[in-house]
Structure formats: structure tokens, C-alpha cells
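Reviewing the structure listed below.
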Amino acid sequence: MLIPKDRSIIIGIVIFILLIFVPYIFSSYVVGVFTIALYFAVFVMSWDLLFGYSGEVNFGSTFQIGIGAYTAAILNINTHIPLALCIVLGAVAAILSGLILVAPALRLKGPYFGLITLVSVLLLEQFVTIFAQYTGGEIGLSVPGIISVSSKINYYMALLFCAFSAMVMLVIARSPIGLILQASAQDPIEAESLGFNITKYKVLAFGISALFSGLSGALLVFYLGTASVSLVVSIAVVLQIIISAIIGGRRTIIGPILGAFFIILLREWLQPLGQLSYVVVSIMGLIVLLFLPDGIISLFLRKN
Amino acid sequence: MNLFWQILFDGFIISSIYAVGVVGFSLIFGTAGVLNLSHGAFLVLSAIISWFFISHFHLPLLAGMVVGVLASIAVSYLLFVLLINPIDKSKKIPTTEKEIFILTATLLWSMIIEELLDYFFSSNPVVVPPFVKGVLNLFKMNITYNEILLSFASILILIILWTFINKTKTGKVLLAASMSHDGLAISGIDIKKVYILLWGVYGVLTGLSGALLASFLGASAQSVPSLTGLAFSVVVLGGLGNITGSILAAFLIGYIQTMTAYLISPAYTSIPAYVILVLILMFKPKGLFGRF
């Protein structure tokens with residue numbers, strides 16, 4: 001079951017090198033799409049760290065992403081603190097709120113944990129609508145702050161951020177922490193009887209996942225200039241994150257990057273179909289799920 | 001005092017409709033171990049199909065509902081044959097991860113139904129026309145006869161379901177399946193036939209309750225996630241796989257929502273219910289009456 005990890009790192013490096021050349025080959029519109037895909041890839045990797053390694057079904061990624069994004073956006077609109085600080089504070093808020101609402105639920109098993117995370121997203125959605133004077137309600141917020149006007153600088157920022165996140169998460173996943181998490185996913189009782197405090201490690205994994213989700217959410221807001229429910233909170237976003245992770249190949253960290261690009265580029269390509277594009281993407285997702293359950297990355301790894 | 005009666009009656013009506021709406025979700029988890037995250041899509045699908053046949057082809061109300069139920073049964077079997085069964089049988093997917101695969105697959109299924117409904121019928125909410133007209137004046141309150149009828153119909157469906165599962169020979173197989181699949185096999189019952197029965201019953205239940213729900217609240221493709229969320233919350237609160245628990249939990253959530261709507265504001269309807277759900281799970285991690 002365990003996929004040889006060295007190969008997946010080589011694949012990661014190859015992807016990184018290929019991505020460096022994107023702005024020299026494609027138009028600035030395509031570069032923009034790739035930028036979004038890079039931020040999205042961080043969402044998916046964060047999800048994979050928590051699910052792939054600790055086996056927790058998390059429907060709540062957009063709770064952290066949304067809190068990070070909206071905190072940063074609201075700070076940017078209402079105060080004069082620098083942009084970088086807004087982003088950091090957004091990430092801090094994502095971790096704290098996650099620890100308060102969701103981390104206690106890590107003691108719960110499978111579907112019960114899943115439900116708490118799902119409810120956290122539904123609650124956040126409600127609060128955004130209720131406090132519309134601060135959050136812009138269903139229309140969303142436009143923020144004055146912006147990372148850069150140059151599409152190239154934006155792209156390389158996103159690329160560096162994505163590569164950095166991937167490195168940190170890979171290191172964690174391959175460290176003893178990752179191994180303990182995997183052990184707890186396979187047999188929680190045995191792992192606990194070996195003397196590991198599983199909940200502690202799960203909270204740690206959750207915190208790291210929240211950190212990167214929050215950071216990426218905040219960065220995405222300042223890249224696009226808006227924060228809205230359909231962009232960073234809604235369940236549909238969670239769904240795309242989960243599909244991307246599975247399509248790319250869960251429990252590999254690199255696979256989710258492939259999955260994220262696959263989904264974002266496919267959606268872009270299918271745009272002329274309008275609403276039906278979601279149907280096509282979902283059907284593709286189901287096909288991969290059924291016939292290639294280890295994801296796209298398994299195609300590259302199997303040849304070994 | 002008037003407010004008290006209003007909450008009591010309205011709460012009862014909405015709770016009984018919720019109960020019949022979520023009982024299928026509970027049944028399918030209890031017997032087949034499937035958390036069907038496309039449950040909301042099933043409800044909205046049958047509601048919209050019923051509405052479409054009633055308003056565009058001028059079918060009588062009940063005939064329209066029959067078409068809705070048939071659509072629901074068809075989608076239910078499709079889901080089983082195309083996704084649930086292949087995932088269950090797949091050798092490529094490790095057993096420990098089947099759960100997440102089924103969750104993801106049903107979520108995708110939900111997305112497909114939702115977007116197709118949105119595409120073909122637009123996202124405007126549809127309301128299945130009332131079954132009866134007229135208003136009852138009771139304790140200075142206005143209750144429409146339709147609401148009363150919907151509530152009675154829901155209770156009746158629940159009673160029929162209970163009798164079917166507990167008193168008939170065919171139904172008892174479902175009860176047995178919820179306890180032990182191995183036991184069923186030893187008694188010489190083909191599990192395949194149980195699944196065919198189960199997904200059929202599920203289709204009928206979601207089909208009927210979808211139309212009832214849409215006659216009271218209306219339905220649109222956009223209400224799919226919140227309906228699935230509702231079913232998930234109610235069933236987990238009652239304890240996964242415990243049908244009686246689900247029905248009690250439906251009444252708890254229904255009344256909390258009604259009280260919030262009347263005493264605080266209709267805009268906040270679902271918030272206290274969610275918060276209470278989270279709190280209960282913190283202290284009773286298996287729901288109020290859970291066995292898994």
C-alpha cells in the first residue's frame with residue numbers, strides 16, 4: 001500500500017521545475033489560472049496531511065480557509081496594519097478558531113468528527129450572512145490590499161509559497177510524527193497501547209493543516225482582491241478539495257498538487273459548458289475514484 | 001400564551017416532516033453502513049420532478065408524487081449499482097478507506113444531481129401545491145389544513161415503516177441486516193436481495209418525503225447541501241443507525257429551530273440547532289441513543 005516516497009519527491013521537483021517556465025510560455029491569463037491552482041494546491045495538501053496520514057475525514061477545510069481569508073480581509077479594510085501582518089494574523093485566527101471548535105472533536109470517531117467539521121462550515125456560512133455589514137454577506141468583500149499588480153510576481157509568490165508548504169508538509173509526513181499518525185489511522189488501539197498520545201499528534205497535524213489553509217486563504221484573497229463565500233467557504237469548495245486529493249493520489253502530499261492542477265485546469269477548460277462543467281468534473285472524479293483509487297500519481301509510481 | 005401554542009403546533013408539524021425526511025438516511029446507514037451524503041439531492045429531486053409533472057403536465061397531485069417517487073427509486077438503484085456496490089467489491093481500495101470513498105462518491109453524486117436540476121429547472125425554489133385548501137382557526141392561531149395533513153401523512157408513513165420493519169417477514173430481514181450481515185448469510189438469506197429491497201425502500205421513503213417537504217418549505221437545487229446537513233445532524237444526534245433515535249432527534253431539532261424562529265429571529269433558525277449538536281457530541285460522542 002505504501003507508495004515509495006523518494007519517487008514522489010522526484011516527481012515533486014520535476015513539477016516545480018516545469019512550473020518555473022509557465023510565465024515564459026503562456027499568456028498572462030493562463031498564468032493567472034495557474035496562480036489560483038497553486039493556492040488551491042496548498043488547500044488540498046493541507047487536507048491530505050490530516051486525512052491521508054491520520055485518517056480523519058475532514059469536511060471543514062473551508063472553515064480554516066474562510067476564517068483565514070475573512071480575518072485578513074476585514075483587518076485590511078478596517079485597519080492600517082501592513083499586508084503581511086494581516087495575512088499572518090489571518091493564519092493565527094484560522095489555527096485558534098480551529099483549535100477551539102474542531103480540535104476537541106478529534107477525540108470523536110469517523111463520521112462524528114466528519115459531522116462536526118461539516119457543521120463548522122455551515123455555521124461559518126451563516127455567520128458571514130448574518131454579519132453582512134462586516135463581511136459583505138453573500139456578495140463578498142473587496143479588499144484594497146493587493147500582493148502585486150504584476151502577474152509574474154504574483155505567480156512566483158504563489159509558486160514559492162506552494163513549494164515551501166509542500167516541503168514543510170513532506171518533512172512532517174516523513175518524520176516520526178507522520179508514522180505515528182499513519183499507525184493511529186490503521187489501528188488506533190495498538191498505537192495507543194504503544195504509549196503514543198494519538199490525540200496530541202492529531203491536534204498537531206490539525207494545527208499545521210490549519211496554518212497552511214489559513215495562510216493560503218489569506219494570500220488568495222489578496223491575489224484576487226475579493227473574499228466571498230463561494231470562493232473560500234462554501235461546501236462546494238470543500239468538495240473540490242476532497243476530489244482533488246483523491247484524484248491526485250491521497251497520502252502523498254505531491255499527488256494533491258497534481259489533483260489540484262487537474263481540477264482547476266479542467267474546470268477552466270470546460271468553462272464554455274457553464275453549469276454543466278461541474279457535472280463533467282464530478283463524473284470524471286467518480287471515474288478516477290472507481291478505476292484509479294490511488295490517483296494520478298500512481299501512474300508515475302507504478303512503473304518502478 | 002398564543003405564542004406557546006404556535007410553537008407547539010408549528011414545531012410538531014415541521015418536526016414530523018423532518019422525521020420522515022431523515023429516517024431513510026438512518027435506515028440506509030443502519031443496514032448497509034452507507035452514509036449517503038446525496039440524501040438532500042434525493043429529496044429535492046423527487047420534489048422538483050413531482051412539481052414539474054403537476055404544474056406542466058397537469059397531473060393530479062398524487063399522480064405527480066408517484067412520478068417523483070419513481071424517479072427517486074431509479075436514482076437510488078443507479079447509485080447502488082454504479083457506485084456503492086463497485087466500491088464495496090473493489091479490491092484496489094483498502095477496507096479502512098472504503099468509508100471515505102463512499103462519502104466522497106455520494107457527495108459527487110449529490111453534486112451531479114444538484115447541478116443537473118439547477119440546469120434543467122433553474123435554481124428558483126418550487127412549491128408543490130397544497131394537498132387541501134383552507135385554514136383552521138384554533139386558539140387564535142391560523143393553521144392551514146395542508147400543514148395538518150402533511151404532518152399526519154408523515155406520521156402515517158413512519159407508522160407504516162415501523163410496522164413493515166418490525167411485523168412483516170420481508171421487513172424483518174432489514175432489521176436483521178442492521179444487526180449482523182453474517183447472521184443473515186447463515187440463515188440462508190441472500191444479501192443481494194436485501195440490498196435490492198433496501199435501496200427500493202430508500203427510494204420510496206426519500207421520494208415521498210421530498211414531496212411532503214416541498215409542499216411545506218419549497219425546494220430548490222440550492223437547498224441540497226443544507227438538507228443533507230440537516231439529515232446528517234439529526235441522524236448523528238439521535239445515534240447513527242438508531243431509527244427511533246433519529247425520529248426523537250428530528251423532534252428535538254425541529255422544536256429548537258421553531259423556538260429560535262419565533263423567539264429570536266427567523267434568520268438565525270439553524271444556528272442554535274448546530275451549536276447544541278456540537279455541544280451534545282462533545283459530551284455524548286455517540287449521539288443521544290447511539291450504538292456505533
Side-chain angles (χ1 to χ4, degrees), chain A residues 1 51-52 55-59 101-102 104-105 107-116 118-123 125-127 129-130 185-187 234-236 238-240 242-243 245-247 250-251 273-286 289-294 298, chain B residues 29 35 37 82-83 86-87 90-94 96-120 123 221 224-226 228-230 232-233 235-237 240 265 267-271 273-275 277-278 281-282 284-287 290 292:
Chain A
M1 184 57 232
F51 167 72
E56 295 295 349
V57 183
N58 179 12
F59 293 117
L101 184 67
V102 183
R107 291 181 301 132
L108 304 178
K109 277 205 289 188
Y112 297 98
F113 175 75
L115 177 70
I116 298 267
L118 183 71
V119 166
S120 69
V121 173
L122 295 174
L123 273 175
E125 229 178 317
Q126 295 268 337
F127 279 112
T129 326
I130 288 171
Q186 279 163 13
D187 191 339
S234 108
I235 287 288
V238 179
L239 194 60
Q240 285 184 23
I242 300 181
I243 302 167
I246 292 190
I247 287 187
R250 67 216 182 287
R251 199 185 296 152
L273 285 178
Q275 272 172 321
L276 285 183
S277 68
Y278 280 98
V279 177
V280 178
V281 171
S282 303
I283 292 174
M284 302 271 288
L286 283 177
L289 200 79
L290 287 175
F291 299 106
L292 199 65
D294 284 327
S298 66
Chain B
F29 181 79
L35 270 178
L37 293 185
L82 292 180
L83 299 177
I87 292 177
S90 168
K91 291 199 176 73
K92 282 191 216 158
I93 306 168
T96 45
E97 293 185 359
K98 292 218 158 137
E99 190 180 282
I100 179 72
F101 273 81
I102 288 193
L103 288 175
T104 317
T106 53
L107 262 176
L108 284 167
W109 187 250
S110 180
M111 194 83 167
I112 294 171
I113 299 176
E114 187 186 329
E115 293 299 330
L116 285 178
L117 287 175
D118 200 337
Y119 182 76
F120 286 111
S123 59
V224 166
S226 61
T228 304
L230 176 80
F232 199 177
S233 331
V235 168
V236 168
L237 183 61
L240 276 168
S265 152
Y268 301 129
T269 310
S270 49
I271 292 180
Y274 285 143
V275 172
L277 177 75
V278 171
L281 279 186
M282 295 289 166
K284 278 198 73 90
K286 294 191 170 180
F292 286 97

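So you know, we letter chains A, B, ... as the sequences are listed, proteins then strands, and number each from 1. Because the structure is predicted, anything quoted here is derived from the model rather than measured.
B:Leu116 touches chain A through backbone and side chain together, each having a heavy atom under 4.5 Å away. With a threshold of 4.5 angstrom between heavy atoms, A:Ile116 approaches chain B through side-chain atoms but not through N, CA, C or O. Only the side chain of A:Phe51 comes within contact range of chain B, with heavy atoms under 4.5 Å apart. Proximity to chain B (any heavy atom under 4.5 Å) is restricted, for A:Leu118, to the side chain, taken from C-beta onward. Heavy atoms closer than 4.5 Å to chain A are found in the backbone of B:Leu82, but not in its side chain. Contact annotation for A:Leu286: both backbone and side-chain heavy atoms come within less than 4.5 Å of a heavy atom of chain B.
Note: A:Leu276 leads A:Leu122, A:Leu276, A:Val281 in heavy-atom pairs under 4.5 Å with chain B. Interface check for chain A: of the options B:Ile93, B:Ile87, B:Val278, B:Ile271, the most heavy-atom pairs under 4.5 Å are formed by B:Ile271.
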Residue pair A:Ile242, B:Leu103: steps toward the side chain to side chain contact (heavy atoms under 4.5 Å, CB included) verdict: CA-CA 10 Å; A:Ile242 300 181; B:Leu103 288 175; over 6 Å; no
Side chain to side chain donor-acceptor pair (under 3.5 Å) assessment of A:Gln126 paired with B:Ser270: CA-CA 8 Å; A:Gln126 295 268 337; B:Ser270 49; 2.9 Å; yes
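A pairwise comparison of heavy atoms in B:Leu37 and B:Thr228 identifies O-CG2, 3.3 Å as the closest pair. Of all heavy-atom pairs spanning B:Phe101 and A:Pro293, the tightest one is CZ-O, 3.6 Å. Of all the heavy atoms in A:Gly114 and A:Phe59, the pair that sits closest is O-CD1, 3.5 Å.
You'll find the side chain of A:Val279 stays beyond 4.5 Å of the side chain of B:Met111, heavy atoms only.
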